[in-house]
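Report on one structure; see the data block that follows.
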Amino acid sequence: MFAACADPKTIEGLTWLSCYLTSGKHLDFYWSFVTVLLLLAVTAPAALAMGFLGASAARSRLLPVSIMGKGYAAVVRGVPDIVFFLFFVIALDQGIEYLKSLAVCADHTWPWQGLEFRVCPEAKVPLGASSAFWHKAYGFGLAVFTFAIVFGAFAANVLYGAMNAVPKAQLETAEAYGMSHGQVFRRILVPQMWVYALPGLSNLWMILIKATPLLFLLGVKDIVYYARELGGSKTQAYEYPHPDWRLWYFLGLLVFYLIFTKVSELVLARLSARLNRGQATAGGEALRKAGS
Amino acid sequence: MKTLLLATALVALSGAAFAQDVVRLGTEGAYPPFNFINDAGEVAGFEREVGDELCKRAALTCEWVTNEWDSIIPNLQSGNYDVIIAGMSITDERDEVIDFSQNYFPPAASAFVGLSADADLKGTVAAQVSTIQAGYVAESGATLLEFATPDETIAAVRNGEAAAVFADKDFLAPIVAESNGELMFVGEEVQLGGGVGLGIRESDTELKDKLNAGIQSMKDDGSLNALIEKYFGPETKKF
Amino acid sequence: MSCWETVQAYAFRSIGFGENLLPKSDFTLCQQVTLIGSGLIWNIYFGVLALALGFFLAVGVALAKSSPRALVRKPAEWFVFVFRGSPLFIQFFLAYETLQLLPKAGVNVLGITVETAWTTRAWAGALFVLFLNTSAYAAEIFHGALKSIPKGDLEAAEAFGITGWQKFRRIQWPTMLRLGWPSYTNEAIFLFHATTLVFFSGFPAFRQMGDALYYANYFADKTFNPFVPYPIVAVYFICLTLIVTVIFAAVNRRLNRHLPSNVRSRIRLRPQFIR
């Protein structure tokens, strides 16, 4: 980065530190914060959408749809996310390539030979010759999809509970006014359910934030991976040798996560206040008394 | 963003014309001096140089990929990269599911490191989980204490959780050398595994032949020994 | 070795009984199912104890957090904030780093030497972290539930002259549990899942005694095939989750038993798709 950093073994003190903290690997570390935030920003709506689909399906009057919705929530919720990540992504990747091979390969031999999975080179996703960027983007996409499936199941459960928590009298009143089933769902149920869903969803959001270290299992290098990498003791084989500094890196991460949580809490509290307004609950009553 | 990405992107672009020749090399990036991520964020170490040289000799366009150790073989078989070059010892178990090239690093010694010369090697011994060393300790009758990363095994010896750590000697040597006499080798060295080789899918015989020829030529002209000496010091066993 | 012999040798391997060495060859389905199932003992141990102990701390913290007095409220808020705000594995790491600082020879308390070696073992250290962690999450859930109590209920109670402890005991407490229960069920499930992290990124495994994921990892490493051991863990956990859900649903039914059937909050699994 700086000219002074050309030979790190000869420098000391603050110069050394500033060189150390701006090494290429540290820049990657700082970038990984962006990766994590980006992943959260993409995953949260995706998981919410999955959850919404799941919950609506579970409420469906058609038995097969309702079974699918409930089955999805029950099965995926049952598996620890870490176990899911350890095999699901490889399976997903192979599944995608198998489907693609049906379309593009001339030769349709069964690709699973023993433990080996082999499709023609044209069916690789992304193609073997694609740039590293596409490989990374594909890995990122798989990670988002997997996260959305896992957390969508939990969101489905929360939303399903919230839909049931909306007072039945309101739904019946709406029906009495001649609204159709869809209208009741869109105009009464969905706008009302959020206040009941919010505590569960905010818990889920907190859990999602803290599930990001698992990204490493999916091949996405996140902040925890780098903290562990950078903090581990470094011998003279490295440009910047140092003893085991994981404690400092982890304390740094702790601060990051706490700040992130705090910001999330502030936003969620505002949202909660907004949703509680006019609701006939203790929270709504407190707001009314406070005059807000 | 960084030179590595740019460089690999350029390599990939130029390689697009003859797509078949792009070979993806999978490594762990956490096992110095075999392979590690250097301070510039690139794959570096002994295997980086061996891999690049092999690709040059076999006229292949190569690209480096890092993958977590636990799933490094399943991802090879799934086709996410074509070669494992990650300090992987040739063992019978592994040879049953993948193929190995000839070794490019002689059978390595494993060693115990403790705080004093009389550390109890039948007491609590730390090792990294799912390594051949962990299996060896379990069979030796000592109390095995398994950690997720090699760093933690060293830390466990320093803080007294374990009497000794058992790992590859080449990994331990620089740590012992730089500990100012705090850590020392204890007991006898043990030979485990059949040297380090490249892992290749069993169906990729053509690639295996190319790489084998490359390793042989590096052994013949002494360039491999020079690299071993550069990274592991003059006392290491060579070919 | 027949399957029955395998079960005899390995069913309690995770807690130190049976065969000393893990399987070295074959890696039959029977071996994998037995050993991984044996590891599940640890997951259940961590989950059940942390939940049982954590419930009481959680209720206390939730009440403290709703207190009008800052002296009571602030510590509770910080406790919840720190434990909900950081990933479990950082908590494991920091706890382990702190616990191993305790002198190895034991601490001298009033002339009695107290052993400290056990604190860095997973069964104690990890359980302690999980206990605090789940308390914080559950406290937040119960705190949210306290705030969602219908104001009509509280006003009605006051109108009947029910105040103070009586009001809490008869109105707030049951309503808090009823409203918080579905989320608490989720938290319980999450906690059981979180127990898989203990040996994965937290505490060292002692004498190859680990949880379900530890053994699954062992087999995946030996067979190089992740598609057998991990789904076995998954199936075990689906069963475990079902059991947890059934138990929590039974409690939920009890909490909701006074309500007309159409306003009960339901978390129960429909049995149709299990049959």
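So you know, we letter chains A, B, ... as the sequences are listed, proteins then strands, and number each from 1.
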Exercise for review: Nearest 0.5 Å please: distance from the CD1 atom of A/Ile207 over to the CG atom of C/Leu88.
Suggested key: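 Going from CD1 on A/Ile207 over to CG on C/Leu88, the span is 11.0 Å.
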Review point. Take atom CH2 in A/Trp248; do more than 12 heavy atoms of anything else shown fall under 6.0 Å from it?
Key: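 Not more than 12 within 6.0 Å, no.
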Review point. CZ of C/Arg73: more than 12 outside heavy atoms within 6.0 angstrom?
Key: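 Enclosed: over 12 neighbouring heavy atoms sit under 6.0 Å from CZ of C/Arg73.
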Review point. Can you name the salt bridge (charged side-chain N to carboxylate O under 4.0 Å, His left out) partners of A/Lys210, sequence neighbours left out?
Key: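 Counting only residues at least two positions away or on another chain, A/Lys210 forms no salt bridge (charged side-chain N to carboxylate O under 4.0 Å, His left out).
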Does a side-chain heavy-atom distance below 4.5 Å link [X] with [Y]?
X: A/Leu86; Y: C/Val233; answer: no
X: A/Leu247; Y: C/Leu94; answer: yes
X: A/Tyr196; Y: C/Leu179; answer: no

Exercise for review: Name all residues meeting the ring-ring contact (aromatic ring centres under 6.0 Å, His included) criterion together with A/Phe147; count only those two or more places apart in sequence or in a different chain, and write none if there are none.
Suggested key: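 Only A/Phe85, A/Phe151 meet the ring-ring contact (aromatic ring centres under 6.0 Å, His included) criterion with A/Phe147.
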Exercise for review: Taking ring-ring contact (aromatic ring centres under 6.0 Å, His included) as the test, write out the residues that go with A/Phe29, two or more places apart.
Suggested key: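 ring-ring contact (aromatic ring centres under 6.0 Å, His included) list for A/Phe29, sorted by chain: A/Phe33.
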For [X], is it the side chain, the backbone, both or neither that has a heavy atom under 4.5 Å from a heavy atom of chain A?
X: C/Leu197; result: side chain
X: C/Thr223; result: backbone
X: C/Phe190; result: side chain
X: C/Pro231; result: both
X: C/Tyr236; result: neither

Residue, of [options], that accumulates the most heavy atom pairs under 4.5 Å with chain C:
options: A/Leu204, A/Ile90, A/Val158; answer: A/Ile90
options: A/Phe84, A/Phe256, A/Phe260, A/Phe154; answer: A/Phe154
options: A/Leu198, A/Thr212, A/Val83, A/Val76; answer: A/Val83
options: A/Leu254, A/Val255, A/Ile259; answer: A/Leu254

Review point. Which of these, C/Thr185, C/Thr245, C/Asn186, sits in a side-chain hydrogen bond (donor to acceptor under 3.5 Å, both in side chains) with A/Arg77?
Key: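 Of the listed options, the one satisfying the test is C/Asn186.
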Go through the atoms of [X] and report whether side chain, backbone, both or neither lie under 4.5 Å from a heavy atom of chain C.
X: A/Ser202; value: backbone
X: A/Leu251; value: side chain
X: A/Ile82; value: side chain
X: A/Arg228; value: side chain

Practice item. Can you label the angle between the A/Phe87 ring and the C/Tyr230 ring as parallel, tilted or perpendicular, going by 30° and 60°? Key: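 Parallel.
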**Study point:** Contact residues of residues 75-84 of chain C (partner chain A; heavy-atom separation under 4.5 angstrom)
**Key:**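 Against chain A, the residues of residues 75-84 of chain C that fall inside the cut-off (heavy atoms, under 4.5 Å) are C/Phe81, C/Val82, C/Arg84.
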Review point. Of all heavy-atom pairs between C/Ser86 and A/Leu258, which one has the smallest distance, and what is that distance?
Key: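 In terms of heavy atoms, the two residues are closest at N-CD2, 4.4 Å.
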Review point. Between C/Phe89 and A/Phe250, does the ring centre distance come in under 6.0 Å?
Key: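 Yes, they do, as the ring centres are separated by less than 6.0 Å.
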